[in-house]
Amino acid sequence: MSEVMKPRVWLDMDPGIDDAWALVVAMNQSIVTGISTVAGNAGLQNTYANAKRVLEVVGGRRVPVVPGASEPLLTPLATAPGFHGQGGMGEWNVSTEIIPPEMTRVWTWWSQHAGEMNSTHLIATGPLTNIAISLLAYPHLSTIWASVTCMCGALPGAQMDKAQEFNVYTDPHAADIVFHWAQRVQLIGINVAHKAVIPMSDLDRLNRMGEVGHMLEKMLKFYSQRARGEGGDPRAFPIDDVVAVAAVVRPEIFEWREMPLAVVREGPLRGTVVLSPIDVRRSPVRVATDVDVAGFRDWLWEAMDCYEEESW
Ligand code: RIB
Ligand code: CA
């Protein structure tokens, strides 16, 4: 894909193993203008360090990595070591980095660089805490993004089981603020992301992709053993965050519907995404209702081709 054709994106994420694969794919499918990290799968010091370590492997040292929130707005942080390991990267690498208290946080960074963000697509694959804070602190930031694609929640009514989706459950208040104030929001819910699963047998392909492939293979061996069957097939596993990148780079492989959304913020249904009450004016969210799974898989491995070692 020519550089001219590639969309400009900013990744707000909580790496996290599927976040890491989303970062790797975004680096060759789009122009990554920056990465911000948030507490979610692991603590902020881990997610910040992880984003920098993965960027080093994919040759993205020049991409700015900016820290965000170390806690959800109002709910206690509960990380996900069961899926992503203590440090967030499975058994690939455990790194952490002390973030100086005076270091600029991403909401301020976005406000200071708002003029450079035009035509940039924001892709959020962690809790939406950073975006919510940015909208409350600098309301004009709701207009700077070409789109705001969130991997979170589920299509109203499609929540597959009692456990709510991790990103919106971790910070339901932030998700509700984003659905209320942000514009041009797209939602990749877990009900659609869990359709685009990858066969366990495909992991072998990563071993022919040099250092990037070996990094992902080590992470995904850990993750796939824990996430297999989440989409219903025990021989396959979901990579939810990579689906969010596909939503920006290949929107045509999805079906979409527009609807105003809200989030249940407290109680046993905390984190459930619902149709917004009609008395609240909210910009409709473009919600993915289905995905062409074969089309997603074809796109993913085409995107990974550039890492394939020359077969002599
Ligand atoms: O529920 C899936 C989401 O939660 C993904 O973004 C995964 O990385 C975790 O953050
Ligand atoms: Ca994530």
Side-chain angles (χ1 to χ4, degrees), residues 9-26 35-44 46-51 54 65 68-72 75 77-90 92 106 122-131 148-155 158-172 174-175 178 186-198 216 219-220 222-224 226-232 236-248 263 270-273 288 291:
V9 306
W10 183 286
L11 304 176
D12 185 70
M13 46 181 28
D14 62 336
I17 292 172
D18 57 331
D19 302 77
W21 201 348
L23 195 172
V24 167
V25 170
I35 294 173
S36 44
T37 72
V38 65
N41 288 322
L44 179 65
N46 291 118
T47 61
Y48 178 66
N50 293 340
V54 173
V65 181
S70 54
E71 290 288 338
T75 46
L77 175 65
T79 56
F83 281 98
H84 298 272
Q86 280 308 323
M89 294 274 97
W92 173 61
V106 65
L122 177 57
I123 301 177
T125 61
L128 300 179
T129 318
N130 293 342
I131 305 171
V148 179
T149 299
C150 307
M151 191 282 125
C152 85
L155 178 71
Q159 185 66 38
M160 293 170 293
D161 59 26
K162 64 181 179 345
Q164 314 306 15
E165 186 278 321
F166 177 83
N167 288 335
V168 68
Y169 183 80
T170 299
D171 199 336
V178 170
Q186 295 194 130
L187 182 75
I188 295 294
I190 197 109
N191 57 300
V192 170
H194 274 18
K195 287 185 176 180
V197 291
I198 301 299
L216 288 175
M219 288 183 199
L220 288 156
F222 179 95
Y223 179 75
S224 61
R226 290 153 176 81
R228 66 192 302 179
E230 293 275 309
F237 64 96
I239 45 172
D240 303 319
D241 295 340
V242 181
V243 183
V245 175
V248 173
V263 179
R270 167 185 144 193
T272 305
V273 174
V291 60

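Order of appearance sets the numbers: ligands from 1, and atoms from 1 within every ligand. Excluded from the calculations below are hydrogen atoms, water molecules and symmetry mates; all remaining heavy atoms, backbone and side chain alike, are included. We're numbering straight along the sequence, starting at 1.
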With heavy-atom distances below 4.0 Å as the criterion, list the atoms of ligand 1 near Asp240. 2 (C)
Atom 9 (C) of ligand 1: nearest protein contact (heavy atom, Å): Asn41 OD1, 3.2 Å
With heavy atoms and a 4.0 Å threshold, my read on which part of Ile190 contacts ligand 1 is side chain
Rounded to the nearest 0.5 angstrom, the CD1-NE2 distance for Ile239 and His194 is 12.0 Å
Checking the side chain of Asn167 only, and the main-chain atoms of Gly153 only, is there a donor and an acceptor separated by less than 3.5 Å? no
With atoms numbered from 1 as shown, which atoms in ligand 1 lie under 4.0 angstrom from a non-hydrogen atom of Asp14? 10 (O)
Have a look at Asp14 and say which of its N, O or S atoms is nearest the Ca ion (ligand 2). OD1
Would you say Asp18 has an N, O or S atom lying under 3.0 Å from the Ca ion (ligand 2)? no
Identify, for atom 6 (O) of ligand 1, the protein heavy atom at the shortest distance, and state residue, atom and that distance. Asp241 OD1, 2.6 Å
So, taking the atom named CZ in Phe166 and the one named OG1 in Thr79, what distance separates them when rounded to the nearest 0.5 Å? 7.0 Å
Per the side-chain contact (heavy atoms from CB on, under 4.5 Å) rule, which among Asp18, Asp19, Val38 passes with Met13? Asp19
Look at the rings of Tyr223 and His84 and say which category their plane angle falls in: under 30° parallel, 30 to 60° tilted, over 60° perpendicular. tilted
In terms of atom number and element, which parts of ligand 1 are under 4.0 angstrom from non-hydrogen atoms of Thr125? 6 (O), 10 (O)
Measuring to the Ca ion (ligand 2), does Met151 have an N/O/S atom at a distance below 3.0 Å? no
Any luck finding a side-chain donor-acceptor pair between Thr47 and Asp14 under 3.5 Å? no
At what distance is the nearest protein heavy atom to atom 10 (O) of ligand 1, and which residue and atom is it? Asn167 OD1, 2.9 Å
What atom name does the N, O or S atom of Asp241 nearest to the Ca ion (ligand 2) carry? OD2
So which heavy atom in the protein is nearest atom 1 (O) of ligand 1, and how far is it from that ligand atom? Glu165 OE2, 2.7 Å
Atoms of ligand 1 less than 4.0 Å from Phe166 heavy atoms? 1 (O), 4 (O), 9 (C), 10 (O)
At the Ca ion (ligand 2), what is the angle formed between atom O of Thr125 and atom OD2 of Asp19, rounded to the nearest 10°? 80°
Nearest heavy-atom pair of Ala69 and Leu44: which atoms, and what distance? O-CD1, 3.8 Å
Between Asn50 (side chain) and Gly87 (backbone), is there a donor-acceptor pair under 3.5 Å? yes
What residue and heavy atom of the protein are closest to atom 8 (O) of ligand 1, and at what distance? Asp18 OD1, 2.6 Å
Beyond-backbone contact of Leu122 with Asp12, side-chain heavy atoms, under 4.5 angstrom: yes
Under 3.5 Å donor-acceptor, Asn191 side chain and Ala154 backbone: no
